[in-house]
Amino acid sequence: MNQPPQQPGWWQPPAQPQPQQPWSPGPASPPPGQGYSGQPPQPGYGGGFQPSTSGYGGFGAFNEGAEPSKPRSKKPFVIGGAVALVLVLAGAALLIFNPFKSVLDQNSLQEGVTAVLHESYGEGDVRDVNCPSGESVSTGTSFTCSVTVAGAAKTVSVRVLNDKPEYEVGAPK
């Protein structure tokens, strides 16, 4: 039988009606008088038109003429922006107040300055050594400590030499 050429993707009815085969029950066939959906069979080629209520395909599938959808909420963007801001502030706080950086122990540093002034500079009466707390153990860090040498208030400069930590103490001024 010759059929006219068909466009791909389009259904066209056959040129001549085909005789229908009598129904015979098979292993996967539904009982006589019922379709797969539990409704009685419809007369004609493909049954009657049943409008789709599922929202998938069929007549009206694209909601032509329906009201436009509501504008999207800006709430997710506001929440996302707030989370990003909190993360940036937390990162900046860690850079400024880094709890993981190594710092010199203030008491050990003050005892070390006293020992250097006694041994290296020959100062016998060294009291009230006061060095700043939280100084970083990184090469080149410099700071001053206040001391009382022989009853006179003086300052000494301290420079960190490496991360062991080793440091040098200048002469009292």
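Only this structure's heavy atoms are used, side chains among them; waters, hydrogens and symmetry mates stay out.
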Residues two or more places apart in sequence or in another chain: which of them pass side-chain contact (heavy atoms from CB on, under 4.5 Å) with Ser138?
Ser136, Thr141
Mind checking side-chain contact (heavy atoms from CB on, under 4.5 Å) for Val116 and listing every partner two or more places apart, or none if nothing turns up?
Ser120, Tyr121, Val169
Restricting to side chain to side chain donor-acceptor pair (under 3.5 Å), what partner residues turn up for Asp105, sequence neighbours left out?
Ser108
Partner set under side chain to side chain donor-acceptor pair (under 3.5 Å) for Thr155, not counting sequence neighbours
none
By the disulfide (SG to SG under 2.5 Å) test, which pairs, at least two apart or in different chains, include something from residues 132-173?
Cys131-Cys145
Could you identify which residues cluster with Val86, counting Ile, Leu, Val, Met, Phe, Trp and Tyr as linked when any side-chain heavy atoms lie under 4.5 Å apart, either directly or through a chain of such contacts?
none
Can you list the residues that meet the salt bridge (charged side-chain N to carboxylate O under 4.0 Å, His left out) rule with Glu168, with sequence neighbours excluded?
Arg159
Sequence neighbours left out, cut at 3.5 Å: what donor-acceptor pairs do the side chains of residues 73-81 make with other protein atoms?
residue : atom : partner : partner atom : Å
Ser73   : OG   : Lys75   : N            : 3.1

Would you name the heavy atoms of [X] and [Y] that are closest together and state the gap between them?
| X | Y | result |
| --- | --- | --- |
| Pro172 | Val149 | CB-CG2, 4.4 Å |
| Asn130 | Gln106 | OD1-NE2, 4.0 Å |
| His118 | Gly124 | CE1-O, 3.1 Å |
| Asn162 | Val137 | O-CG1, 4.1 Å |

Rounded to the nearest 0.5 angstrom, the CG-CZ distance for Leu109 and Phe143 is 4.5 Å
Roughly how far, to the nearest 0.5 Å, is CD of Glu166 from OG1 of Thr139?
10.0 Å
Does Val103 share a hydrophobic cluster with Tyr167, counting links as ILVMFWY side-chain heavy atoms below 4.5 Å and allowing steps through other members?
no
Common cluster, Val158/Val129, ILVMFWY with side-chain heavy-atom separation under 4.5 Å:
yes
Applied to residues 115-132, the salt bridge (Lys or Arg N to Asp or Glu O under 4.0 Å) test, sequence neighbours excluded, yields Asp125-Arg127
